[in-house]
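Both ligands and their constituent atoms are indexed starting at 1 by order of listing.
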Amino acid sequence: MDLAGAAHAAVDQICDYYQTIEQRPVTSQVERGYLAKRLPEEAPAQGEAWDSIEHDFQQHIMTGITHWQHPMFYGFFPSNASYEGILADMYSSALTNPGFNWNASPAVTELEFIVLDWFAKMMGLSSAFLSNDLSHHGGGIILGSASEATLTIAIAARDRALRALMEQSSESHADPLSWKLSMQTKLVMYGTTQTHSVASKAAMMLGIRYRALDVHRKDNYGLRGETLKQALDEDTSRGRVPFLLGTLIITYSVATYGTTNSCAIDRLDELADVAQSSPLLWLHVDAAYGGVTWCLPEDRSQKLLDTFNNHYDSISTNLHKWGLVQMECSPTYVRDRFDLAKALSVTLDILKSKDMDANELNDLRNLQIVLGRRFRALKVWFVLRSYGVEGFREHLRKHIRLAHSFAKQIESLPEFEIVNPPRWGLVMFRLRKTDDDCDVDELNHRFNDAIQDRGKELFLSPTVLPEKGYCERLVVGAASTTQDHIDKAVEILQECAKKVLSK
Ligand SMILES: *Cc1c(COP(=O)(O)O)cnc(C)c1O
């Protein structure tokens with residue numbers, strides 16, 4: 001078969017895959033190491049026929065795939081997909097080019113800023129965050145993941161703080177690099193015990209001290225202003241070294257809008273208040289999963305938007321989680337793109353020139369860690385055009401309704417309890433204690449084993465909720481999930497419960 005013919009056939013197969021996905025087991029049933037037993041240890045010396053490659057793909061790779069687009073996939077957070085996104089990724093692959101600056105392919109850069117602005121407006125971000133509004137330097141970039149966004153922002157925040165400290169200090173800076181390295185040991189970055197590990201990992205990679213601040217069940221695990229204030233006071237007093245005029249602080253705090261574990265929301269308003277007295281503190285919101293809900297007028301308060309728009313430095317959200325756009329797609333907005341460019345552009349010596357040319361902001365390479373990258377904007381453009389703002393909202397609302405329907409059914413069943421108020425597509429629940437002697441964590445570990453045994457039919461992932469214990473998370477996320485699938489999930493979970501409780 002010629003390869004163009006094979007490509008045509010593959011498109012048919014992709015469509016068939018989506019239309020028949022429910023016939024597949026949700027989770028892969030293979031053992032770790034299965035593939036090395038099946039595939040040769042060396043690449044073939046001579047090229048092979050496509051038919052044989054395709055055959056092995058179906059035979060050996062598809063068996064090792066867990067189907068995240070299956071309507072009964074309820075684990076982790078979704079990584080949902082759309083035909084529009086597939087088509088965009090196919091075109092993007094076909095046009096492969098690294099898009100690092102405007103010249104590399106003008107449409108890649110220009111479409112990115114346009115769709116970033118579309119989405120910023122959908123989220124209710126103020127014009128300060130629009131890339132094509134030239135009255136300021138705010139704007140965005142589509143990064144590959146929340147991990148990359150957090151690292152990128154941490155780099156920019158570190159650089160901004162060190163620059164500010166340098167300007168404030170009266171020392172001579174004959175050797176600015178050494179000075180910056182020595183000052184870096186004073187920096188500390190904050191998250192909470194519920195913040196995603198991307199934050200501590202970014203700090204680890206940058207060699208910056210990281211503190212996970214305490215959050216509590218009574219606050220729904222959201223970070224409070226008083227906790228931040230206490231940490232700021234402690235760290236400021238610990239780090240006080242006289243020659244620096246008392247400002248040896250602290251650069252960066254990751255607030256979360258919808259933590260991964262429980263969808264907790266840090267108190268963005270209180271944190272902003274406290275941060276007023278720490279001008280070096282960069283306020284970033286990691287809204288990887290929850291950020292898309294800012295597109296729902298009924299789900300976001302004006303106060304939330306005002307707080308963010310007036311006080312926060314940056315936000316990132318993953319369209320590749322709940323937003324129908326294939327991986328990798330994390331729109332990331334900053335109040336001042338020069339903070340990114342000063343830390344990430346090699347075309348200017350930032351120590352010499354404080355004023356960069358605004359054109360620097362129009363080359364993607366100056367706003368990101370990597371040089372070349374995919375044409376990410378295309379899939380956002382296809383999805384937003386095909387769904388429209390209203391269709392995109394309806395997609396989210398449908399999942400929220402389904403999650404509520406699931407929670408309601410679980411709540412009505414005596415063997416279960418809801419352990420945290422449902423939020424968006426997430427419901428956290430577990431089996432109730434059967435009697436006073438019951439070890440409820442142990443019971444729920446067995447419940448989880450029973451659920452995992454049904455992995456061909458559905459998939460859920462468990463977690464541990466602080467001050468509560470081991471429990472299950474059900475996240476509605478696949479684009480194709482319907483009420484019937486939710487009802488079926490309840491039925492299976494009841495069967496699992498019965499099996500465990502009858503022992
Ligand atoms: C999923 C998630 C991440 C990690 O996302 P990646 O894009 O896979 O790096 C980070 N933070 C939060 C709050 C998340 O939900």
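Counted within 6.0 Å of NZ on Lys201, heavy atoms from surrounding residues, nucleotides or ligands total 12 or fewer; the atom is thus considered open. Within 6.0 Å of NZ in Lys229 there are 12 or fewer heavy atoms belonging to other residues, nucleotides or ligands.
Scanning Ser147, Ser79, Pro78 for the heavy atom closest to atom 9 (O) of ligand 1 points to Ser147.
Within ligand 1, the atoms closer than 4.0 Å to a non-hydrogen atom of Asn318 are 5 (O), 6 (P), 7 (O), numbered from 1 in the order shown. Taking every heavy atom of Ser145 and a limit of under 4.0 angstrom, the matching atoms of ligand 1 come to 6 (P), 7 (O), 9 (O). Near His320, the atoms of ligand 1 lying under 4.0 angstrom from a non-hydrogen atom of the residue are 7 (O).
Using a 4.0 Å cut-off between heavy atoms, Lys321 contacts ligand 1 through its side chain alone, with no backbone atom that close. When heavy-atom distances to ligand 1 are checked against a 4.0 Å cut-off, Glu328 has no atom that comes that close, whether in backbone or side chain.
Ion pairing between Asp89 and Arg374 holds under the 4.0 Å rule for side-chain N and carboxylate O. Salt-bridge check for Arg209 with Asp235: failed, with every basic side-chain N at 4.0 Å or more from each acidic carboxylate O.
Ligand 1 has no nitrogen or oxygen under 3.5 angstrom from a nitrogen or oxygen of Phe77. Residue contacts with ligand 1: Asp286 is placed with a nitrogen or oxygen under 3.5 Å of a nitrogen or oxygen of the ligand (distance criterion only).
Among pairs with a residue in residues 474-488, those fulfilling salt bridge (Lys or Arg N to Asp or Glu O under 4.0 Å) read Lys488-Glu491, at least two apart in sequence or across chains. Residue pairs meeting the side-chain hydrogen bond (donor to acceptor under 3.5 Å, both in side chains) criterion with at least one partner in residues 113-130, sequence neighbours excluded, do not occur; the list is empty.
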